[in-house]
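Throughout, protein chains are lettered first and strands after them, A, B, ... in sequence-line order, and every chain is numbered starting at 1.
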Amino acid sequence: VSPSVDVIVDRHDDIATVWALRELAAREPGVLAVSMAPRSEAEPAVVWAILRALGKRIEQLDRTKVKVWWMDAERWVVAHRVSEIVVLCAQHLGDRVTEELKEHVCGRLRIALMLVYGGPARTAPPATTTLDGYLAQQHRPPSAHVRCRPWPQVPRSHPLRLRYDCRQQLTPEEFARVERLLVGSLRTMGGRWWPVGYVARPEIRSGLCVVGAAEDPEQAYVRRCAAELALICDQSPIPLVPPLALRPRLLTTEDIDAIRAYVDPAAAGYQLAKRITGLRDGLVALIGGDQITDSAILGCIVPEPVRPILRAVDDRSEPVLQVPDMAAPEPIIDTTPPEEEVAVALGRLLQRRNARIRPRKLPPQLRSRFQALRADGILDRSYGAYRASHIALYSSFMRDEPPTGSL
Amino acid sequence: VTRHYLGLRNASVLATRDLLLTGRAISDLIKTEAMGAVVGPAGLGKTFAIEHAIERRGEPVISLTFEARPTMRLVADRLLHKLTGAPGGGTRFAMTDQLLNRLSDRRRLIVIGEAQNLNRDCFEYLRHLHDDPSTRFALLFDGGDGCWEVLAREPMLRSRIYRRVAFGRLSDSDVLALLPGYHPIYADVDPELLVLINDKAANGRLRSWAAFTHTASGICRGIGAERIDTTIVRNAISQLGNAR
């Protein structure tokens, strides 16, 4: 059943009506009051009226010619958990846009609509209720919106067999979810190399720290493994890094107004993440949609007035914030020799399916490490040479299908 | 200092009932950020009273007067220009957004002169700006003949006009009570002479009184007289074309 479309006709266009409805909107968290400017006969006028009522400001954006569409209004209305929209001065809406409004608000979003016609409006439909009746009725609470679901328990496997083990142990739905997170985190970490081909050791440490951070321990483990997998595939040593511990910054009222002004959720999310976490752009660029919960970014609690931004941002397991262009990271300055050699050797095996390394060509200090990896099913010994196992190739996304039979 | 009509010098501000009511109304409107109207036929001192009341207050004031039938965009553009010092740009939504933001930063008074020239869309637009919960401005319509009829015709304005001052002509008793203090040339003159001027030249309109006083004081200066007499009055009336 579609939500209701009610009509109030205020022949006297009384200011008291406006005040009463605005007070209702201020009191009821699920009710949004939108005032229509004269001649709001096209989509942008109505969309802007809705966006403005939700705190968006054209003036604070970089450019004044910002095109907006119904999907912008829909996204933010949902993010603000609006359950009823009161349209003041509905007589300024054209017939076509009124129908569009009903279709988008009631039809698609299932939100109740109250159209308030003021003055001697020629096109006012018959009233379905009165102001007093509407004020007295029970109003719908804010709609429920859950951004984060708990993550399934994943095996604590080596990065080079996590994907395979997850496939063996999780349900198809759980595995698909974990795989998306693996791919997203892998791309996020690996994507840092693509533009320049190298990255500095401190950058690797801080990147690993951010990409591996999550409130849910299962999610954090998958992310961490994916980030390490990216390093392994890139022949980079995996540094030891402590868990990310950020101290959330306080936001002023001006900060909050400025952040809420953005229409693009990715831009608003960037502004919010930057200010609340204090991370520099290069690290904000790594924040994935799954690291943003209903109330926090990377564990930093976000004030209530800007939480709709968290709900509006994409929840993909990949970077979702619109970060301004950044300078290229500095080249690697130094590396620790043994770890570098392990990383180079292991990475070489993952570059091609038939890549091999003869044990005698391995430095003595690496042989025990390779034997341990072989025992873990990550490396095979074939014709006297080490090569990446099917499990490792599958887990590092070099093969599409997992090996048959359990290992 | 509020400038008298024709730059008349040595003239005092007449504390008429309407001038005092205008001062009070503007004070109330600014305090409550409400809408008001000062209406009445031309020449009764509405604009002078508004300017006089405004100059004693600290709040920023924006005065706008529009030609006949302005568009909403013109209203938005002029208002934005007054607020920012630069002409408005972008779409109407962008301009409205800027206006709503600028009108939210501090309490101010916007005076719309010749309000009878606005059409319904413009009134609706001003109402839209004023009704927004974030904006903080008082809105005063200053209009001449037909202004109140235009305002009263719009139901959305009728319920929003918090203070209304309807200017009227000065009666003979007003003239006798107030005019001796208006200008030095009227000090201690025969009351009958003041009534005669009001009847023949001013017709209860302050603008006409200012025009007469400007003319008569010039004659007084020319002949070295300190105050008017019957001859000077007749001479001045003749110069003014016996206007009524």
(message) Can you tell me which of A:His12, A:Arg22, A:Met36 forms the most heavy-atom pairs within a distance under 4.5 Å of chain B?
(response)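 Ranked by heavy-atom pairs under 4.5 Å with chain B, first place is A:Arg22.
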
(message) For chain B, which candidate among A:Ala53, A:Ala37, A:Ala16 shows the most heavy-atom pairs at distances under 4.5 Å?
(response)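 Highest number of pairs under 4.5 Å: A:Ala37.
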
Does [atom1] in [X] sit with more than 12 non-hydrogen atoms of other residues, nucleotides or ligands closer than 6.0 Å?
X: A:Arg108; atom1: CZ; answer: no
X: A:Arg140; atom1: CZ; answer: yes
X: B:Arg136; atom1: CZ; answer: yes

(message) Quick one: does any side-chain atom of B:Arg160 pair with a main-chain N or O of A:Asp13 as donor and acceptor, under 3.5 Å?
(response)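 Yes; at least one donor-acceptor contact below 3.5 Å.
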
(request) Supply the atom-to-atom distance A:His92 NE2 to B:Glu124 CD, rounded to the nearest 0.5 angstrom. (result)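 Rounded to the nearest 0.5 Å, the NE2-CD separation comes to 3.5 Å.
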
(request) Working to the nearest 0.5 Å, report the span between NZ of A:Lys56 and CG of B:Asp97. (result)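 It is 12.0 Å, given to the nearest 0.5 Å.
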
(request) Return the minimal non-hydrogen interatomic distance between A:Arg57 and B:Asn101, and the atom names on each side. (result)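 Minimum heavy-atom separation between A:Arg57 and B:Asn101: CD-OD1, 3.0 Å.
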
(request) Measure distances from A:Arg52 to the heavy atoms of chain B and classify the residue's part below 4.5 Å as side chain, backbone, both or neither. (result)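 The side chain, not the backbone.
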
(message) Less than 4.5 Å apart, side chain to side chain, heavy atoms only: is that true for A:Cys89 and B:His128?
(response)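 No, every pair of side-chain atoms sits at 4.5 Å or beyond.
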
(message) Which atoms of B:Leu100 are under 4.5 Å from chain A, going by heavy atoms: the side chain, the backbone, both sets, or neither?
(response)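 Both backbone and side chain.
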
